[in-house]
Amino acid sequence: MCGIVGWVSFDRDLRAAEQVTAVEAMTETMACRGPDDQGVWNAPHASLGHRRLAIIDLPGGRQPMSAGTPEGAVALVYSGEAYNYTELREELIARGHRFTTDSDTEVVLRGYLEWGEHLAERLNGMYAFAIWDGRHDRLVMIRDRMGVKPFYYWPTPDGVLFGSEPKAILANPLARPRVTLDGLRELFTMVKNPGHAVWDGMYEVQPGTVVTVDHSGLRTRVYWRLETRPHTDDQDTTVATVRALLDDIVRRQLVSDVPRCVLLSGGLDSSTVTALAARQLAETGEKVRTFAVDFVGRTENFVADELRTTPDTPFVHDVARQSGTLHQDIVLDPGTLADPGVRARMIRARDLPMGLGDMDSSLYLLFRAIREHSTVALSGESADEVFGGYLQFFDEKARTADTFPWLVRMAEHFGDDADVLRPDLGETLDLGGYIQDSYRTAVADIERLDGESDFEYRMRRICHLHLTRFVRVLLDRKDRASMAVGLEVRVPFCDHRLVEYVYNAPWALKSFDGREKSLLREAAADVLPRSVYDRVKSPYPSTQDPEYAVALQEHARALLADPDHRVFELVDRDRLRRAAERQAPQITAASRRGLERALDLAAWMELYDPELVLDEPAGPSPAGDGRPESSGTSS
């Protein structure tokens, strides 16, 4: 797991001192993603930078990695893991390739020499990598199918800038931190429009896509998309297939030359990964390490609500006992959760103020504590999207609404996420219209099976939206928070084989017992404690301690005392003041969320000093694909 950056320019020599310095500065922004090593590779029209977090073949996987050919050098910067690299290595050896390292990086490089950009179709893993092909003066950028690893680019008049994170691109003098109305709309809607990057002029390499840049311009090719196919397996066969896939996926994702662990919440998803990992490691006499986040006094003082009916810790400990894990609870207090320094580090990690408040802070603090013991962690992230675990899958109002179903649930529990904004700005943004345009675009290409009932098609659409829109928000959050402390988090439930198979199982099969995630529950029934098997879905934990909200109010009052703070270009001062003055019992979930959102925006303004364009629409429309208009496409 690493951080990658690069600059391609066909009209200048990037070996000049000024350009080399710029790429070195870009590379340095990725130090958190790669604390173990760094390197820069230069050619006349391409410069690649890399920061390494060493996971496999610690001495041999240094990057940038290059190979000489009679027609020119081919150089690679790579972030991620290819879980099938041993099979690909054997195939490449049979085809005559000779390896000098045991790293998956060299497999990717030599795989490109053998198959070109169609290497992408052969990879199983999470990855974002760029290859400068000196034989054709061409840059090839490839991102994994589900978008687990982030990847951004910035077209220039004579080439492109790219990086694992926006901060890397913004470190180049050709880029500037500018945000238009469309960028703000993306921030306040919890809707991930593929290709959009919030920063004006910047784009994402979309999941499952190859982006090629050469003298003739920029082109994209989609090598994978979520497709509708008939599912003919019966219930028993489907459950068995899910289990076989999970066994294989976990075994592959446990491969590491550094200490690894599992994130354990006591829910079905993480408990399944923990139990399978524990069983597999026991074959070699090894115990799995597990970590869970908790809050001071939460279990003793827990109050059930519609979202969370039980605290996590008792279930966590049930799993740890049954699977024999080496377990540790990471217990956080409200003062640390509300610490402005922690908030700033999470905003810096994400480059954006996404407004998830204590759930962002606690995730960062959890990962920071884990990094003292492990370098790799397996997570249960994305199982809810794959198997249908969220409440909105079963809420008739949410699943029949002509909008993104998670927004219905969020509005009921947290209110309007834009309430904190100045009223005139809220009117200009027209977030409702933006969401509707985004929704229509998102559902337009979802294929329907011949003979599929209206209800089954409705549920297919909901599953598709979660797998192509909602999950990308959470995957980005997980990646940024973990890589900010140099921790690699792997997500077994994002294996594309599992995603494709379960997506095409009809909803009647996914919920055959009338509960959420029926297929996953039955597939793991033999390794789970009964308490976890019976447990109702509970979201990622959030503190209930009123002292946390009181600390937020204190920080908001300090912000209000600064009459010239730029945050009030966006935030309504009177609304924030009312939230900051409420007595603790009257601080609702919506007002707490408003406080968190305002403080996040303030930290973002201080860190990035963005240029805001609030009086004109700019950038690609939500109905577009997030690519520059001049891009060519092929499928």
Side-chain angles (χ1 to χ4, degrees), residues 126 143-152 182-198 203-209 222 224-228 350 352 354-356 381-393 395 398-411 414 417-418 431-448 457-480 491 493-494 496 499-500 502-504 507 539-540 619-627:
M126 55 179 189
R143 190 177 182 195
D144 66 71
R145 294 169 179 83
M146 290 294 289
V148 180
K149 301 313 298 175
F151 203 176
Y152 296 85
D182 268 342
L184 289 176
R185 291 180 180 114
E186 185 101 351
L187 283 180
F188 284 93
T189 51
M190 278 297 284
V191 175
K192 183 66 190 129
N193 284 306
H196 290 217
V198 176
Y203 304 88
E204 278 192 310
V205 177
Q206 293 193 39
T209 298
V222 175
W224 184 86
R225 58 168 53 91
L226 196 56
E227 295 181 345
T228 297
R350 300 194 71 178
L352 296 170
M354 299 306 294
L356 292 179
E381 188 79 88
S382 307
D384 287 307
E385 289 81 4
V386 174
F387 289 96
Y390 292 117
L391 290 175
Q392 57 261 26
F393 284 94
D395 182 329
R399 65 187 185 184
T400 58
D402 284 326
T403 189
F404 298 100
W406 55 88
L407 297 183
V408 176
R409 298 290 306 182
M410 291 178 67
F414 302 111
D417 193 31
L431 296 180
Y434 182 79
I435 289 169
Q436 281 305 301
D437 287 345
S438 299
Y439 177 74
R440 285 191 289 268
T441 300
V443 300
D445 296 326
I446 301 175
E447 301 168 87
R448 182 173 185 167
Y457 180 53
R458 163 66 66 171
M459 298 311 298
R460 177 182 296 281
R461 288 168 64 172
I462 291 174
C463 292
H464 195 284
L465 291 172
H466 279 81
L467 289 167
T468 59
R469 295 299 195 276
F470 190 62
V471 76
R472 293 178 186 175
V473 176
L474 301 182
L475 289 174
D476 185 75
R477 168 177 175 259
K478 181 88 72 178
D479 176 88
R480 303 300 191 86
V491 278
F493 292 109
C494 278
H496 71 278
V499 172
E500 291 171 347
V502 177
Y503 169 68
N504 281 300
W507 182 251
Y540 182 85
S621 71
D625 60 8
R627 294 189 298 261

Asker: Looking only at heavy atoms, which two atoms of Arg469 and Lys192 are closest? And how far apart?
Answerer: CD-O, 2.8 Å
Asker: Passes side-chain contact (heavy atoms from CB on, under 4.5 Å), Gln206 versus Val222? Steps please.
Answerer: CA-CA 9 Å; Gln206 293 193 39; Val222 175; over 6 Å; no
Asker: Can the ring centres of Phe470 and Tyr390 be said to be less than 6.0 Å apart?
Answerer: yes
Asker: Would you name the heavy atoms of Ala401 and Tyr439 that are closest together and state the gap between them?
Answerer: O-OH, 4.0 Å
Asker: Taking the side chain as every heavy atom from C-beta outward, state whether Val205 and Tyr152 have any pair of such atoms under 4.5 Å apart.
Answerer: no
Asker: Between the side chain of Trp406 and the main-chain N/O of Met190, is any donor-acceptor distance below 3.5 Å?
Answerer: yes
Asker: Does NZ or CZ of Arg477 fall inside the cone over Tyr540's six-membered ring, less than 6.0 Å from its centre and within 45° of the axis?
Answerer: yes
Asker: Which residues pass the ring pair (Phe, Tyr, Trp, His ring centres under 6.0 Å) test with Tyr503, not counting sequence neighbours?
Answerer: His464
Asker: Does Arg458 reach the main-chain N or O of Arg399 with its side chain, forming a donor-acceptor pair under 3.5 Å?
Answerer: yes
Asker: Could you check whether His466 and Phe393 have their ring centres less than 6.0 Å apart?
Answerer: yes
Asker: Between CG of Leu474 and OG of Ser382, what distance do you get to the nearest 0.5 Å?
Answerer: 7.0 Å
Asker: To the nearest 0.5 Å, what is the distance between OH (Tyr434) and CZ (Arg185)?
Answerer: 7.5 Å
Asker: Kindly compute the distance separating CG (Leu475) from CG (Asp144), expressed to the nearest 0.5 Å.
Answerer: 8.5 Å
Asker: Got a donor-acceptor contact below 3.5 angstrom from the Arg143 side chain to the Thr209 backbone?
Answerer: no
Asker: Which pair of heavy atoms, one from Glu381 and one from Phe493, lies closest together, and at what distance?
Answerer: O-CB, 3.7 Å
Asker: Quick one: pull up OG1 in Thr403 and CZ in Arg440 and give me the separation to the nearest 0.5 Å.
Answerer: 10.0 Å
Asker: Apply the test side-chain contact (heavy atoms from CB on, under 4.5 Å) to residues Glu186 and Asp182: give CA-CA distance (whole Å), side-chain angles for both, the deciding distance (0.1 Å), then the verdict.
Answerer: CA-CA 6 Å; Glu186 185 101 351; Asp182 268 342; over 6 Å; no
Asker: So, the side chain of Gln436 versus the backbone of Asp402: is there a donor-acceptor pair under 3.5 Å, distance only?
Answerer: yes
Asker: Using the side-chain contact (heavy atoms from CB on, under 4.5 Å) rule, take Ile462 and Gln392 through it: C-alpha gap first, then chi angles, then the decisive distance, then the call.
Answerer: CA-CA 9 Å; Ile462 291 174; Gln392 57 261 26; 5.6 Å; no
Asker: I'd like to know whether Tyr457 forms a side-chain contact (heavy atoms from CB on, under 4.5 Å) with Glu447, so could you lay out the CA-CA distance, the side-chain angles of the two residues, the decisive distance to 0.1 Å, and finally the verdict.
Answerer: CA-CA 9 Å; Tyr457 180 53; Glu447 301 168 87; over 6 Å; no
Asker: Taking all heavy atoms of Val191 and all of Ser438, pick out the closest pair and write down the distance.
Answerer: CG1-CB, 4.1 Å
Asker: Would you say the side chains of Arg460 and Asn504 form a donor-acceptor pair under 3.5 Å?
Answerer: yes
Asker: Distance check, rounded to the nearest 0.5 Å: Leu467 atom CG versus Arg472 atom CZ?
Answerer: 9.5 Å
Asker: Measure the CG-NZ distance between Asp479 and Lys149 for me, rounded to the nearest 0.5 Å.
Answerer: 3.5 Å
Asker: So which heavy atom on Asp476 is nearest to which on Pro150, and how close?
Answerer: OD1-CB, 4.1 Å
